[in-house]
**Q** 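This structure is in structure tokens; I'll ask about it shortly.
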Amino acid sequence: KFLNQSIVDPNNYFSTGGNEYFNIKNNINTFEKEFKINVFIYMIDSMDYSFNRDPKLFADQIAYKIWGGNLEKDENTMIILMSISDRKNRVRTGKLVKKLISDNYLKYYLDNIKGDLRATNYTTAIDKLLTNILNNIRGENYYERFCDFLIALGTINTFYNINNYLGNL
């Protein structure tokens with residue numbers, strides 16, 4: 001049976017007794033209240049029954065089922081998929097959520113929690129992931145935005161230097 005809940009964790013990967021689990025539930029509520037984003041977290045053992053164990057396709061299947069077969073309705077959804085045995089994960093966002101946060105940031109945040117996932121600190125990992133995404137959408141990730149600015153500035157400077165070099169040939 002398909003479960004359409006905020007958190008689906010049939011194998012009890014989350015430890016539900018600590019502050020981190022409370023933070024996860026709180027962040028899910030904050031996404032809903034502040035941004036009208038529906039967050040679904042799927043902590044599954046394996047994607048054995050999916051196409052080629054591809055987390056993108058599996059997350060698409062989840063979205064398809066959430067929206068009753070109509071992906072056009074998938075605007076304010078964020079699906080976090082963690083396939084533990086497969087060691088694969090994915091954050092799938094609906095159309096309007098994509099406008100709030102880029103896939104590059106989501107990949108960066110997923111990369112940042114790999115240590116916690118390897119150490120089987122799943123609750124900590126998801127807490128960090130949701131907090132980083134929420135801070136990004138709120139515009140509270142000043143350090144990352146500053147780094148993006150410096151990278152863009154360096155790219156512009158590089159193109160300027162190449163143009164000057166080519167002009168002097």
**Q** So, N132 versus Y105: side-chain donor-acceptor pair below 3.5 Å or not?
**A**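 Side chains of N132 and Y105: no pair found under 3.5 Å.
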**Q** Please tell me if the side chains of T77 and V97 come closer than 4.5 Å, counting only heavy atoms from C-beta onward.
**A**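 Of all side-chain heavy-atom pairs linking V97 with T77, none is under 4.5 Å.
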**Q** Nearest 0.5 Å, what's the NZ-CG distance between K128 and N23?
**A**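 Those atoms lie 12.5 Å apart.
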**Q** Determine whether the side chains of N27 and T131 contain a donor N or O and an acceptor N or O closer than 3.5 Å.
**A** yes
**Q** Quick one: closest heavy-atom pair of A125 and L117, and the distance?
**A** CB-CD2, 3.7 Å
**Q** Could you tell me if the side chain of I126 sits less than 4.5 Å from the side chain of M82, heavy atoms only?
**A** yes
**Q** Please determine whether residues L96 and I79 belong to a single hydrophobic cluster, defined as Ile, Leu, Val, Met, Phe, Trp and Tyr linked transitively by side-chain heavy-atom distances below 4.5 Å.
**A** no
**Q** Salt bridge check, K107 against D103: does any charged N sit closer than 4.0 Å to a carboxylate O?
**A**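 Result for this pair is no, no salt bridge flagged.
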**Q** Might you work through the side-chain contact (heavy atoms from CB on, under 4.5 Å) test for F40 and V8, ending with a clear yes or no?
**A** CA-CA 8 Å; F40 300 94; V8 177; over 6 Å; no
**Q** When you look at CG of N19, are more than 12 heavy atoms from neighbouring residues, nucleotides or ligands closer to it than 6.0 Å?
**A**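 Incorrect, the count does not exceed 12.
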**Q** Mind checking what makes salt bridge (charged side-chain N to carboxylate O under 4.0 Å, His left out) contact with R90, not counting sequence neighbours?
**A** none
**Q** Begin from the C-alpha positions of K95 and N76 and carry the test side-chain contact (heavy atoms from CB on, under 4.5 Å) through to its verdict.
**A** CA-CA 7 Å; K95 294 175 202 168; N76 293 335; over 6 Å; no
**Q** What's the shortest heavy-atom distance between S83 and S46, and which atoms?
**A**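 That would be OG-CA, 3.5 Å.
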**Q** Between Y13 and D45, does a side-chain hydrogen bond (donor to acceptor under 3.5 Å, both in side chains) hold up when you go through it step by step?
**A** CA-CA 9 Å; Y13 289 111; D45 186 54; 2.7 Å; yes
**Q** Looking at side-chain heavy atoms only, is the closest gap between I24 and I41 below 4.5 Å?
**A** yes
**Q** Find the distance between CD1 (I7) and CD1 (I80) and round it off to the nearest 0.5 Å.
**A** 9.5 Å
**Q** Would you find a donor on one side and an acceptor on the other, under 3.5 Å apart, between the side chain of D54 and the backbone of K56?
**A** yes
**Q** Does some side-chain heavy atom of K33 sit less than 4.5 Å from a side-chain heavy atom of T30?
**A**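 No. Closest side-chain heavy atoms not under 4.5 Å.
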**Q** Answer with yes or no whether the side chains of D9 and Y122 bring together a donor and an acceptor at under 3.5 Å.
**A**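 Looking only at side-chain atoms, D9 and Y122 do not form any donor-acceptor pair under 3.5 Å.
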**Q** Do the non-hydrogen side-chain atoms of L129 and V91 ever get within less than 4.5 Å of each other?
**A**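 When only atoms from C-beta onward are counted, V91 and L129 do touch, with a gap below 4.5 Å.
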**Q** Given side-chain contact (heavy atoms from CB on, under 4.5 Å), test L134 with F35 step by step and report yes or no.
**A** CA-CA 10 Å; L134 189 58; F35 301 102; 3.8 Å; yes
**Q** Quick one: are R92 and L81 in side-chain contact, heavy atoms under 4.5 Å?
**A**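 With C-beta onward as the side chain, the pair stays apart.
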**Q** Taking C-beta and beyond as the side chain, do N136 and Y109 meet within less than 4.5 Å on heavy atoms?
**A** yes
**Q** Which atom pair, heavy atoms only, marks the closest approach of M43 to P10?
**A** O-CD, 3.4 Å
**Q** Does E34 come within less than 4.0 Å of R138, counting only side-chain N to carboxylate O?
**A**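 Salt bridge present between E34 and R138.
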**Q** Give a yes or no on whether L130 and Y108 share a hydrophobic cluster (residues Ile, Leu, Val, Met, Phe, Trp, Tyr; joining criterion: side-chain heavy atoms under 4.5 Å apart).
**A**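 As far as the 4.5 Å side-chain criterion goes, Y108 and L130 are connected within one cluster.
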**Q** Can you check whether I113 reaches L110 side chain to side chain, under 4.5 Å on heavy atoms?
**A** yes
**Q** For T124, does its backbone N or O pair with a side-chain atom of N121 as donor and acceptor, under 3.5 Å?
**A**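 Here the side-chain-to-backbone pair does not exist.
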**Q** Is there a side-chain contact (heavy atoms from CB on, under 4.5 Å) between N38 and E32? Walk through the geometry before answering.
**A** CA-CA 6 Å; N38 299 307; E32 172 62 34; 2.7 Å; yes
**Q** Does T93 use its side chain to pair, donor to acceptor, with the backbone of M78 at less than 3.5 Å?
**A** no
